Amino acid sequence: MNSTIDVLRSHRSIRQFRDEPVLPEHIREAVRAGQAASTSSAIQAYCALQVTDPTKRARLVELTGGQPYVAQAGAFFAICADTRRLKIACESTGQTYDQHLEGFVLGVIDATMFAQNMVIAFESLGYGICYIGGLRNNLPVVDELLKIPDGVYPLFGLCVGVPDQQPTHRPRMDVDAALYVDSFPSDEELQNSLHRYDEVYTDYLVARGAQARSWSQVMSRKLGKPMRPDLASYYTSKGARLD
Ligand SMILES: Cc1cc2nc3c(=O)[nH]c(=O)nc-3n(C[C@H](O)[C@H](O)[C@H](O)COP(=O)(O)O)c2cc1C
């Protein structure tokens, strides 16, 4: 339809990178594009910590559950919600920074939009990316490794580099599963649309040489047990209020 939409629609996560750097000017350009994203009341409650030290990157491979591309990618960033500056700004005017859950949610929204704009910029420059939620596997140790200040909340990692693979597109649900007009579908309608997507997803996995599983099966294997139950205690230890 147009070149921006082409870039967006050609996205696929890259998990194998060439041993080539991401040019510093491209990193700055991508961050600038990230900063251009909308931000709630201009709070800009985000930052990206680029990790260049190979020893730290090797440790992050372990801490993210053994994902080798965390070290192989030309660049790796820890994407953080960052309310530290806001606290400093408030206190400099004699106010307290006291935002409770809303402040944390604003930071998560802002940081995610910042990161996704960076991603689109990188992809438009020909790089491949992979987000790394595994960064949250063991946040207290990541915290110590990266010396995260209070008020800064690491959310996910981001690998960027020159792709060394061309994965097939992972199919998404129909547009009608994401766009509702005026009212929400019934559970039965949702169930019917899931049946169709389950078949598409199974075919995709089989074509990739993976075990035949429907999307519903993959989700229930993943979500049938608590995930990262210690997140609240870590984030509150860094100053977040989640109430
Ligand atoms: C916040 C976030 C965290 C993710 N964490 C990981 C991760 O730790 N490891 C990984 O290999 N992929 C990770 N992914 C990539 C997703 O698995 C991938 O986007 C999804 O399966 C869709 O595939 P696609 O990006 O190729 O279209 C993450 C994606 C997001 C948005």
Side-chain angles (χ1 to χ4, degrees), residues 5-17 30 34 37 46-49 51 57-82 104-105 107-124 126-139 141-142 145-146 153-175 177-178 197-198 200-211 213-223 227-228 231 234-235:
I5 292 176
D6 287 347
V7 168
L8 293 168
R9 300 269 322 255
S10 349
H11 162 77
R12 48 221 61 191
S13 293
I14 298 297
R15 299 182 176 88
Q16 212 168 299
F17 295 95
Y46 46 69
C47 64
L49 178 74
V51 183
R57 294 274 291 275
R59 182 79 179 109
L60 284 169
V61 170
E62 294 167 26
L63 291 171
T64 55
Q67 305 197 57
Y69 28 97
V70 167
Q72 285 159 0
F76 178 83
F77 307 88
I79 303 293
C80 306
D82 187 343
F104 186 75
V105 170
V108 172
I109 295 171
D110 255 34
T112 304
M113 295 176 73
F114 163 70
Q116 181 61 14
N117 259 24
M118 280 177 68
V119 160
I120 296 162
F122 279 127
E123 290 183 333
S124 75
Y127 294 103
I129 71 95
C130 189
Y131 283 114
I132 303 293
L135 192 73
R136 296 189 305 278
N137 286 356
N138 198 341
L139 279 173
V141 182
V142 168
L145 183 74
L146 302 183
Y153 311 112
L155 301 176
F156 45 82
L158 177 62
C159 297
V160 182
V162 179
D164 196 20
Q165 62 173 174
Q166 279 188 313
T168 48
H169 173 69
R170 193 179 291 248
R172 301 298 203 262
M173 296 178 192
D174 287 343
V175 170
Y197 184 60
D198 275 339
V200 170
Y201 204 79
T202 308
D203 291 348
Y204 156 76
L205 288 181
V206 169
R208 268 179 48 149
Q211 196 175 339
R213 285 201 179 104
S214 69
W215 180 82
S216 297
Q217 286 171 328
V218 173
M219 292 304 121
S220 51
R221 280 169 69 90
K222 201 174 166 57
L223 305 176
M227 290 172 72
R228 301 176 182 134
L231 285 189
Y234 168 73
Y235 286 134

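Counting starts at 1 for both ligands and their atoms, following the listed order. Side chains are part of it too, since the values below use all heavy atoms of this structure and drop only hydrogens, waters and symmetry mates. Computed from a predicted model, the values in this text were never measured in an experiment.
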Problem - Test item: Arg170 and Arg208 side chains (from C-beta on) under 4.5 Å apart, heavy atoms - result: yes
Problem - Check: Arg15 main-chain N/O paired with Gln165 side-chain donor or acceptor under 3.5 Å - result: yes
Exercise for the section: Around atom 21 (O) of ligand 1, find the nearest protein heavy atom and jot down its residue, atom name and distance. Expected result: Arg170 NE, 3.3 Å
Handout entry: Geometric class of the Phe156/Tyr131 ring pair [parallel <30°, tilted 30-60°, perpendicular >60°]
Key = perpendicular
Exercise for the section: For ligand 1, find out whether one of its N or O atoms is nearer than 3.5 Å to an N or O atom of Phe156. Expected result: no
Exercise for the section: Mind running side-chain contact (heavy atoms from CB on, under 4.5 Å) on Gln217 and Asp198 for me, showing each step along the way? Expected result: CA-CA 8 Å; Gln217 286 171 328; Asp198 275 339; over 6 Å; no
Exercise for the section: For the residue pair Leu205 and Gln211, establish whether any side-chain heavy-atom pair is separated by less than 4.5 Å. Expected result: no
Practice task
May I ask you to test the Tyr234-Pro154 pair for a side-chain heavy-atom distance under 4.5 Å?
Solution key: yes
Practice task
Could you tell me which atoms of ligand 1, counted from 1 in the order shown, lie closer than 4.0 angstrom to a heavy atom of Tyr69?
Solution key: 10 (C), 11 (O)
Practice task
Identify which one of Leu60, Leu135, Leu63 satisfies the side-chain contact (heavy atoms from CB on, under 4.5 Å) criterion when paired with Val70.
Solution key: Leu60
Practice task
Could you see which bit of Gln116 sits under 4.0 Å from ligand 1, with heavy atoms only: side chain, backbone, both or neither?
Solution key: neither
Exercise for the section: Check each heavy atom of Cys130 against ligand 1 and say whether those closer than 4.0 Å belong to the side chain, the backbone, both or neither. Expected result: side chain
Handout entry: ligand 1 contacted by His169 (non-hydrogen, < 4.0 Å)
Key = no
Practice task
Looking only at protein heavy atoms, identify the closest one to atom 10 (C) of ligand 1 and say how far it is in Å.
Solution key: Gln67 OE1, 3.4 Å
Handout entry: Ligand-side contact atoms (ligand 1) for residue partner Gly134, heavy atom cut-off under 4.0 Å
Key = 8 (O)
Handout entry: Shortest protein contact, atom 11 (O) of ligand 1 (heavy atom only)
Key = Arg15 NE, 2.6 Å
Problem - pair Lys222-Met227: side-chain heavy atoms closer than 4.5 Å - result: yes
Fill in the blank from the handout: Note: ligand 1 atoms sitting under 4.0 Å from heavy atoms of Arg12 are 26 (O)
Problem - Among Gly133, Gly128, Ser13, closest by any non-hydrogen atom to atom 3 (C) of ligand 1 - result: Gly133
Exercise for the section: Please write down residue, atom name and distance for the protein heavy atom closest to atom 2 (C) of ligand 1. Expected result: Tyr131 CB, 3.6 Å
